[in-house]
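Below: one structure, written as C-alpha cells.
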2 protein chains.
Amino acid sequence: MKLSANEEYGLRCLVRIGYAGEGGNVTIPEMSQAEGVSPAYAAKILRVLRKGGFVKAARGKDGGYTLARPAESIVIGDVMDVLGGRIFESSFCDSHAGQAAICTRSVDCSVRSLWRAVQVSVDQVLSKATLRDLLQNEEDMNTWVRAIPGAKGLHSIQ
Amino acid sequence: MKLSANEEYGLRCLVRIGYAGEGGNVTIPEMSQAEGVSPAYAAKILRVLRKGGFVKAARGKDGGYTLARPAESIVIGDVMDVLGGRIFESSFCDSHAGQAAICTRSVDCSVRSLWRAVQVSVDQVLSKATLRDLLQNEEDMNTWVRAIPGAKGLHSIQ
DNA sequence: CCTAATCTGCACTTTTTAGTCAAGATTACT
DNA sequence: AGTAATCTTGACTAAAAAGTGCAGATTAGG
C-alpha cells in the first residue's frame, strides 16, 4: 500500500497550480524545479491531470497551467483515482455474497472484509478533502483532519 | 495507493495458515491451488512471511507451514509492512517542522499533512486488527470493523 | 514574418515488481 | 538405504511503472 510516484508528484503539481489562484499560471519548468523532477516527467504527469479535467493548459508564450474548475469542486479522492487508482483488487468471494455463515469462515472473505475496511477508512479522508482544503490555512485544514478519529488537529498528525 | 501482489497473496496465505489452527500444517501446493498462484510464487511469498517471523516451516515429508506465534499477537499492520510497506514517502518539508505559519502555506506541507492523515486513518484499521480478528466469526470481526467511523458492522462494508 | 517560450504526443530507456525455473537440502516412512 | 514429499535458494524472464528525449504545434511580441 504505497503511494505511486504519479500520485505524489501529481498532487503536488495540482496544489502548486491551486496556490497560483484565479488567473494564476504555472509553467512546467517552474513545477519541475520546485518539485525536483525533470520537465519531461512533469509534463507527463500534467497531461494526466489535464485529461482528468482538473487543470487546463495554455500553449505558447506566457502559457502554462491553471485550474480547470474551482478548487472547492476538486475532490482529492477523484484526483487520486486518476493519478494511480485507489483500487483494492481483492475481487474474490463475489459468489458468496450474502451467505454470511460460509463467507466469514473463508480466507477470501476475511481478507476482502479487511480491504474494504481499509478502503472505507481511506475514503473518510480522501472523499471529504477538496483541493480548497489543502490550500486553506491551518485552521481550515483542521476541518478534514478532524474527520480522523484520534486526530485533534493538524499539529497532532504533523 | 494500491495493494501490491505481495500484500494481497501474502495475507491470504497467512490467513489460510491461521485457519489450519494450532498444530495445523499447510503446504505450498495447497496454498498455491487455493489462491490460484504458481507454487514457485507462493514459495517466494512464504519466504517473506517466514523471514518476517510470522510463520515457521517444516521441511521434508509431512512438512508445511504453521504460525510462528499466536494469531492474536500477529498485527496485520506489521504483516503489511513486511510484505510491501505501508510507507508514505512524502519526506519533504522536514526543515519546516514547527514553523506552522509558513508550513501550512506551502505545497510540501499541505500534501504531507494529507498523507499523514491518510496514514493515520489506515493505521486505525491495520494496527488494531490482528490475525485472530480475521479468523474469528462475524461477530468478533465487528470489533475492528467498528473502529471505522461510519461502519456499523461487517455487513455494512461488505 | 521571425523568434522565443511554451505545451503535446509518442517512442524510447531504466528501474522496480511480479512471476518462473531448476538444482539442492531435509524429513518421514518403509 | 531408498523414495517421495516437502521447503530453500538464487538466478532467470516478463510485465509494469518510472522517467527521458525529441520533433512538432501553438502563441505572444517584436
Side-chain angles (χ1 to χ4, degrees), chain A residues 1-14 16-17 20 23-52 54-68 80 82-87 89, chain B residues 1-14 16-17 20 23-52 54-68 80 82-87 89:
Chain A
M1 270 199 55
K2 287 194 198 156
L3 281 180
S4 68
N6 261 17
E7 289 170 309
E8 171 75 38
Y9 293 113
L11 186 59
R12 295 177 74 84
C13 288
L14 183 63
R16 194 163 291 278
I17 294 166
N25 212 42
V26 189
T27 69
I28 283 177
E30 282 165 357
M31 284 183 266
S32 159
Q33 182 163 30
E35 304 306 342
V37 299
S38 73
Y41 186 41
K44 192 178 197 178
I45 293 172
L46 265 301
R47 177 162 28 156
V48 177
L49 288 175
R50 177 170 51 82
K51 292 201 169 165
F54 303 112
V55 302
K56 60 187 174 194
R59 308 221 284 194
K61 197 159 194 296
D62 302 340
Y65 292 89
T66 324
L67 293 186
M80 287 298 146
V82 166
L83 286 170
R86 224 183 343 170
I87 318 150
E89 304 207 333
Chain B
M1 268 200 57
K2 287 195 198 154
L3 281 180
S4 67
N6 261 15
E7 289 170 310
E8 171 75 37
Y9 293 113
L11 187 58
R12 296 176 74 84
C13 288
L14 183 63
R16 194 164 290 277
I17 293 166
N25 212 41
V26 188
T27 69
I28 284 178
E30 281 165 358
M31 284 183 267
S32 159
Q33 183 163 29
E35 304 305 341
V37 299
S38 72
Y41 187 42
K44 192 178 196 176
I45 293 173
L46 265 301
R47 179 167 22 171
V48 177
L49 287 176
R50 178 169 52 81
K51 293 201 170 165
F54 303 113
V55 302
K56 61 187 173 192
R59 309 222 281 195
K61 197 155 194 294
D62 301 340
Y65 292 89
T66 324
L67 293 185
M80 286 299 147
V82 166
L83 287 170
R86 223 182 348 168
I87 318 151
E89 304 209 332

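So that the names make sense, note that chain A is the first sequence line, chain B the second, and so on, each numbered from 1.
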From C-beta outward on [X], which listed nucleotide comes closest to its side chain: [options]?
{"X": "Y65(B)", "options": "dT8(D), dG19(D), dA28(D)", "answer": "dT8(D)"}
{"X": "A5(A)", "options": "dA18(D), dA18(C), dC7(D)", "answer": "dA18(D)"}
{"X": "T27(B)", "options": "dT6(D), dA18(C), dA28(D)", "answer": "dT6(D)"}

Could you check whether any side-chain heavy atom of [X] comes within less than 4.5 Å of a side-chain heavy atom of [Y], counting everything from C-beta outward?
{"X": "I28(A)", "Y": "Y65(A)", "answer": "yes"}
{"X": "V55(B)", "Y": "T66(B)", "answer": "no"}
{"X": "L49(B)", "Y": "L83(B)", "answer": "yes"}
{"X": "M31(A)", "Y": "V37(A)", "answer": "no"}

Checklist entry - In residues 37-45 of chain B, which residues come under 4.0 Å of DNA chain D by heavy atom? => result none
Between atom [atom1] of [X] and atom [atom2] of [Y], what is the distance when rounded to the nearest 0.5 Å?
{"X": "E7(A)", "Y": "K2(B)", "atom1": "CD", "atom2": "NZ", "answer": "8.5 Å"}
{"X": "L11(B)", "Y": "M80(B)", "atom1": "CG", "atom2": "CE", "answer": "4.5 Å"}
{"X": "M1(A)", "Y": "S4(B)", "atom1": "CE", "atom2": "OG", "answer": "10.0 Å"}
{"X": "S38(B)", "Y": "Q33(B)", "atom1": "OG", "atom2": "CD", "answer": "13.0 Å"}

Next on the checklist: Base, sugar-phosphate or nothing for L46(B)? Non-hydrogen atoms, less than 4.0 Å.
Outcome noted: nothing
Checklist entry - Base, sugar-phosphate, or nothing for R50(B), non-hydrogen atoms under 4.0 angstrom? => result sugar-phosphate
When the distance from [atom1] of [X] to [atom2] of [N] is rounded to whole Å, what number comes out?
{"X": "E7(A)", "N": "dG19(D)", "atom1": "CD", "atom2": "P", "answer": "13 Å"}
{"X": "R59(A)", "N": "dA4(C)", "atom1": "CZ", "atom2": "P", "answer": "19 Å"}
{"X": "E30(B)", "N": "dT6(D)", "atom1": "CD", "atom2": "P", "answer": "7 Å"}
{"X": "M31(B)", "N": "dT6(D)", "atom1": "CE", "atom2": "P", "answer": "11 Å"}
{"X": "L3(B)", "N": "dA17(D)", "atom1": "CG", "atom2": "P", "answer": "14 Å"}
{"X": "L83(A)", "N": "dA17(D)", "atom1": "CG", "atom2": "P", "answer": "14 Å"}
{"X": "I28(A)", "N": "dG9(C)", "atom1": "CD1", "atom2": "C1'", "answer": "12 Å"}
{"X": "R47(B)", "N": "dT6(D)", "atom1": "CZ", "atom2": "C1'", "answer": "15 Å"}

Mind listing the N/O atom pairs, protein and nucleotides 14-16 of chain C, below 3.5 Å?
none

Checklist entry - With respect to L14(A), which candidate in L46(A), L67(A), I45(A) satisfies the side chain to side chain contact (heavy atoms under 4.5 Å, CB included) definition? => result L67(A)
Next on the checklist: Closer than 3.5 angstrom, by distance alone: can the side chain of E35(B) be matched with the main-chain N or O of S32(B) as a donor-acceptor pair?
Outcome noted: no
Checklist entry - Between Y9(B) and dT17(C), is there a side-chain N or O to OP1/OP2 distance below 4.0 Å? => result no
Checklist outcome for this item: Note: for D62(B) and N6(A) on DNA chain D, the residue whose nearest nucleotide lies more 5' is D62(B)
